[in-house]
Structure formats: C-alpha cells, structure tokens
Amino acid sequence: MLIFSFKRTLPLDKKIALTEKIVAVLPRMKCPHRIEPHQIQGLDFIHIYPVVQWLVKRAIETREEMGDQIRAFSVSQFNKHHQTPEDVEFEGRKDKSVGTVNEVKDAYKPQRRYRRADAHRLREEELKVQSTLLEYGRRYGLSRSSKSDKDAEKDAKKKALAAGLSPAGKARSDTMDSEEALAQEEKRIQALMSGMSAMEIQEGKLTASTVGNIVGLQSEEIDKIATEYAGKKSELEMEDKPERVSGAQQHQRLVASLNKQIANQEKKLEEVTTRHQELQDSHNETHTKLQEVEEFSAKIEEEMQKLESIETEENRSVLQRLRSLVAMNENLKKQEQEFRAHCKEEMGRLKQNIAELKDEEGGESEMSDRDKLIAKQYDADKEKLQKIKLLLARKTREIALLQRKIDEVPTRAELSQYQRRFVELYNQVGNTHTETKQFYTLYNTLDDTKLYLEKEVMLLNSIHDNFGQAMASQSAKEQFLKQFEQIVDGVKQNKAKVEKKKQEEKMRRDQLNDTYLDLVEKQRLYFKTVRDFKEECRKNEILLAKVPSGK
C-alpha cells in the first residue's frame with residue numbers, strides 16, 4: 001500500500017516524483033483509465049476526472065466488501081480482552097450446569113437387568129434387537145405394536161367417517177385383531193424372557209454361576225473342535241509312515257516344485273514391473289502435458305481478465321473488433337493446419353504415385369526435357385524470390401530507422417509541455433537565487449551593524465575608563481574634551497559616507513527599475529508580435545486552403 005503526502009508548497013522535482021508514483025501505481029490497482037504525469041501537473045481535468053471517479057467507486061466498493069469483515073474482527077478482538085456482564089454470568093453458571101448434567105446422565109444411564117445364555121442361537125436381526133432391549137428392561141415390540149394399532153384405528157375411523165359408513169362393525173373387528181396381536185406379542189416376549197437370567201454382576205465381580213453359564217455357552221462348539229483336531233492328528237500320523245521310506249526324494253521334488261514356482265513368479269514380477277514402468281512414464285508424460293495445458297489455459301484466462309478489466313464504453317467497439325479478429329486468426333490457423341495436413345497427405349500420395357511410375361518404367365533415372373525446363377524455371381523463380389525478400393528486408397530496416405527518427409522529433413504538444421516545465425524550472429531557480437541574495441544582504445547588514453556596535457562599545461568603555469583621570473586636572477579635562485570632539489566629528493563623517501553610499505545604491509536601484517520596466521515593455525511587445533504573427537499564419541493557412549478550391 002502506497003501513502004502519498006501532498007503539500008502545495010512542494011518543490012517542482014518532488015511534485016513530479018509524486019505524480020510519477022501515482023501513475024505507476026494506477027495499473028497495479030487495475031485502473032481502466034490511463035494518465036500521464038504531465039496531465040496531473042498541468043491540471044488536465046478531462047483526463048483526471050475519470051481516474052478520480054473510478055478511485056472513488058473503488059473506495060466505496062472496498063468499504064462495502066470489508067465492512068462486515070472489519071466489524072467481525074473488531075468484535076473478536078473485543079471478546080479476547082473484554083467481557084460483557086452476560087458473559088461473566090454465563091461463565092459463573094457454566095461449571096455448575098455441566099456438573100448437574102453429568103450427574104443426571106450418570107443417574108439415568110441404562111442398566112442391564114438380564115443376560116441371555118443362548119444369544120448366539122438368535123438368527124433374525126429383529127429378534128436380536130428385541131432381546132437386547134429386554135435385557136435392559138424395555139419392551140420395544142409391545143409399545144410399538146400398541147402405538148401402531150392406535151394409529152391404525154384412528155386412520156380406519158377417519159376413512160369410515162369420510163366414506164359415510166358406520167364404524168361400529170369395523171371397530172369391533174379392529175379391536176379383536178389388536179387383542180390377538182397383543183397376545184402374540186406377549187407370548188413372543190415371554191419366549192425371549194425364558195432364556196434370560198437375572199444379572200449377578202455387581203461392580204465388576206463374577207459369581208460361580210455366571211462363570212458356569214459363560215463356559216456352557218460354547219460347550220457344543222468346543223466338543224466339535226476337539227473331534228476335528230483328533231481326526232486331523234490321526235491323518236497326519238498315517239501320512240508320515242510312507243514318507244519315512246522316500247523322504248529324500250519327496251524333499252527333492254518339493255524343492256524343485258518350489259523353485260519352479262519362484263521362477264514363474266519372478267518372471268511375472270518382471271513383466272508387471274516393466275508394464276508398471278511403461279505406465280508410469282506414460283503417466284508422467286501425460287501429467288507434464290496436462291500441466292503445460294493448464295498453465296497455458298491459466299495464462300489465457302489471466303489475459304482475458306486483463307482485457308475485460310480495461311473494457312469501457314469508449315473502447316468496447318475496439319475490443320469487440322479485436323475479439324473478432326482474434327477468432328478469425330484462430331480459425332485461419334486451424335485452416336492452415338488442416339491445409340498443411342492435407343498437403344502432406346497429398347504429397348505422400350503423389351510420391352507414392354511417382355515411385356510406382358518409376359517402377360513401371362523400369363527404373364529410368366534420367367529426366368525428360370520438360371522436367372529439366374521446369375526445374376530450371378523453378379530455380380530461377382526461387383532465386384528471384386530470395387532477392388525480393390532481401391530487398392523487402394532492406395526497405396523494412398530503412399522504414400524502421402525513419403520511424404525512430406520521426407519519433408525522436410518532439411511534437412507541438414510536447415514542445416509546449418517542455419517549454420512550460422523549463423519556465424517553471426527557471427522561475428524556481430530565480431526564486432532560489434533571489435532568496436540567496438537576500439540572505440547574503442541580510443548577513444552583510446547584520447555584520448556591519450555588529451561592527452558599528454562593537455566600535456561604539458569600545459568607545460564608551462574608553463570614555464568611561466579615562467573619565468576619572470580627565471576630571472583630575474583642568475588641562476587633562478580640556479584635552480579630553482578635544483578628543484571627544486574629534487570622535488564626534490569622525491562619527492559624523494562616517495555617517496555622511498554611509499548616507500552617500502545609500503543615495504548611490506538608491507540611484508542604482510532606480511536605474512535598474514527603469515531598465516526592468518523597459519524590458520517588460522519589450523516582452524509585452526514580443527508577445528503581442530508573436531500573437532499577431534500566429535494570427536497572420538492562421539489567415540495564411542485559410543487562404544492557402546481556399547486557393548485550390550477556387551481553381
């Protein structure tokens with residue numbers, strides 16, 4: 001962020017540096033309008049007004065965008081270091097409330113009342129859920145069925161009333177169905193409860209009956225596993241007897257089989273590794289191409305955003321024309337690529353035809369007179385084209401050189417601008433010179449005043465020192481008075497010299513003032529003459545413009 005400090009009393013060089021900073025920072029802010037330093041310094045309001053208008057709009061938009069964020073940041077900073085009375089009261093009650101909630105949760109947490117011994121025999125998910133709920137003392141199926149029956153009864157009554165039928169018969173049948181459903185549900189609950197036993201676990205302790213129940217749960221599976229183990233053991237003992245005779249041969253066959261399997265697996269591993277490396281290279285290449293395409297796409301998007309940011313009402317038609325030309329250029333490039341591909345295909349086909357013709361002719365390598373004439377004409381035209389290209393390049397360089405020379409010549413507006421800058425610089429130098437001369441004059445005047453004051457102090461000290469001795473006798477008194485009169489005469493002479501010098505400087509000032517007035521009059525006459533000359537030149541141009549039309 002740049003901060004500019006402007007004062008009306010700044011010197012010219014600092015004003016120019018300040019305007020250059022402003023012009024440099026405007027493109028960084030994506031300002032759609034362009035302005036030059038001399039336009040700001042010269043108060044070119046036609047070009048300054050759009051920039052100021054855009055800056056004001058940008059400031060208002062930034063304030064609207066950042067308003068909520070700044071407000072939220074201010075609130076968060078306030079909450080970090082300060083608290084409202086409501087926050088203090090909430091913090092005071094928070095610990096007590098949390099403790100009460102935890103106590104209530106501990107007091108009313110679910111407790112297991114029963115345990116089912118044959119839980120592994122239940123296969124259906126619904127039975128497992130109902131059994132688990134019954135273990136914790138909840139009759140989920142009964143309450144759910146009763147609630148659903150009540151809702152069904154209400155829906156049946158509403159439908160019967162809406163249809164204009166008597167609901168008495170239906171109510172009796174629905175009541176009987178609900179009673180049967182309740183009876184069935186009760187029987188199922190009793191069946192589930194029959195396989196449960198009351199909990200005897202308290203504070204993590206197990207009783208002997210509980211341990212017996214746990215062991216009895218998997219007794220059948222334990223017997224089954226023991227039987228399978230005994231069968232497997234007997235089979236292994238039977239298989240070990242023949243192997244004792246041919247153990248070495250069996251070991252060799254096993255080793256050979258394992259080596260063969262290892263070789264096959266290594267071969268498969270090499271193939272898979274090669275395939276993986278190929279796919280990895282292909283993936284890396286594709287990823288690199290994707291990154292290049294994404295970078296190019298991002299660059300295009302950025303350029304498009306820049307182009308859209310500088311779009312205004314004035315240059316919209318120009319930008320539209322530019323877009324159409326770019327689209328035409330892309331279309332021409334595409335057509336050129338297609339044409340090149342077509343030409344390559346056609347050239348390949350023609351080369352193939354030529355090769356076939358040569359083969360048919362028996363491999364003749366000598367060119368006919370017509371082919372020689374065409375080749376000679378082609379070489380001549382190619383050499384002529386090369387000469388024309390060299391001539392065009394030379395002309396292009398000459399045109400570029402002349403263009404640079406033309407650009408180096410300042411225009412009338414630039415000359416006027418330079419003249420104004422030089423006049424301002426000359427005025428600044430003149431003001432500085434005048435201030436310096438005034439400082440020198442003030443210094444000389446103060447130095448002379450100091451010299452005269454020192455002489456006066458020395459004279460008064462001498463009078464004061466010799467006054468006592470001079471008053472001692474009459475002769476010394478007379479001599480003292482004579483010296484005093486000489487001092488007074490010397491002061492009068494110095495005063496007369498200073499007055500004379502003052503008159504001479506005054507006369508010189510009057511002469512310089514008269515000279516200055518003469519020069520001002522000459523300058524006025526010069527400006528008047530220049531203005532009259534411009535007017536006459538304008539009239540001359542008008543007359544010259546009318547002369548060809550008269551003919």
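None of the values given here were measured: they were computed from a predicted structure.
Annotation: side chain of K96 is not in contact with side chain of R93 (no heavy-atom distance under 4.5 Å). Counting only heavy atoms from C-beta outward, the side chains of Q335 and F339 never approach each other to under 4.5 Å. Contact check for N284 versus Q280: side-chain heavy atoms found under the 4.5 Å cut-off. Side-chain contact between H342 and E338 is absent, with no heavy-atom pair separated by less than 4.5 Å. With a 4.5 Å cut-off on side-chain heavy atoms, R404 and L401 count as touching. The shortest distance between side-chain heavy atoms of Q261 and L258 falls below 4.5 Å. Under the 4.5 Å side-chain criterion, counting only non-hydrogen atoms from C-beta, K260 is in contact with N264.
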message: Evaluate L290 against E294 for side-chain contact (heavy atoms from CB on, under 4.5 Å), listing each step before the verdict.
response: CA-CA 6 Å; L290 178 61; E294 288 179 350; 3.7 Å; yes
task: Could you walk me through whether D407 and Q403 pass side-chain contact (heavy atoms from CB on, under 4.5 Å), step by step?
output: CA-CA 6 Å; D407 293 337; Q403 187 68 33; 3.6 Å; yes
- request: Check the pair K80 / Q77 against side-chain contact (heavy atoms from CB on, under 4.5 Å), numbers first and verdict last.
  value: CA-CA 5 Å; K80 285 182 180 178; Q77 292 296 321; 3.6 Å; yes
message: salt bridge (Lys or Arg N to Asp or Glu O under 4.0 Å) for K289 and E285? Distances and angles first, verdict last.
response: CA-CA 6 Å; K289 291 182 180 179; E285 185 178 357; 3.7 Å; yes
field: Verdict with supporting geometry, Q337 and R340, side-chain contact (heavy atoms from CB on, under 4.5 Å)
entry: CA-CA 5 Å; Q337 292 177 357; R340 285 177 181 272; 5.6 Å; no
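Judged by distance alone, with hydrogens and angles left aside, the side-chain atoms of T274 form a donor-acceptor pair with the main-chain N or O of E270 at under 3.5 Å. No donor-acceptor pair under 3.5 Å is formed between the side chain of S297 and the backbone N or O of V293. The main-chain N or O of A327 is never found under 3.5 Å from a side-chain atom of N331 such that the two would form a donor-acceptor pair.
Between H433 atom NE2 and N431 atom CG the span is 11.0 Å, to the nearest 0.5 Å. Once rounded to the nearest 0.5 Å, the distance linking CG of N329 with OG of S324 reads 11.0 Å. The distance from atom CG of L442 to atom OH of Y440, rounded to the nearest 0.5 Å, is 13.0 Å. The CD atom of E20 lies 10.5 Å from the CD atom of E36; values are rounded to the nearest 0.5 Å. Summarising the geometry, atom CD belonging to Q419 is positioned 13.5 Å from atom OH belonging to Y426; distances are rounded to the nearest 0.5 Å. With rounding to the nearest 0.5 angstrom, the NE2 atom of H276 is 11.5 Å from the CG atom of L269.
Checking T84 against D87 by side-chain atom types alone, a donor-acceptor pair falls below 3.5 Å. Judged by distance alone, the side chains of H287 and Q291 do bring a donor and an acceptor atom under 3.5 Å apart.
Contact detail for M29 and L55: the closest heavy-atom pair is CE-CD2, 3.9 Å. Minimum heavy-atom separation, V88 to Q83: CG2-OE1, 3.4 Å. Summarising the geometry of W54 relative to K30, their closest heavy-atom pair is CZ2-O, 3.5 Å, with the distance given to 0.1 Å.
Considering V56, V23, L26 in turn, L26 is the only one that fulfils the side chain to side chain contact (heavy atoms under 4.5 Å, CB included) rule with V51.
Residue R321 qualifies as open at atom CZ: its count of foreign heavy atoms under 6.0 Å is 12 or below.
Between E330 and K334 there is no salt bridge, since no side-chain nitrogen of the basic residue lies less than 4.0 Å from a carboxylate oxygen of the acidic one.
Judged as a ring pair (Phe, Tyr, Trp, His ring centres under 6.0 Å), the pairs with a partner in residues 55-103 (not counting sequence neighbours) are, in order, F78-H82.
Residues passing the side chain to side chain donor-acceptor pair (under 3.5 Å) test with Q277 are D281, sequence neighbours excluded.
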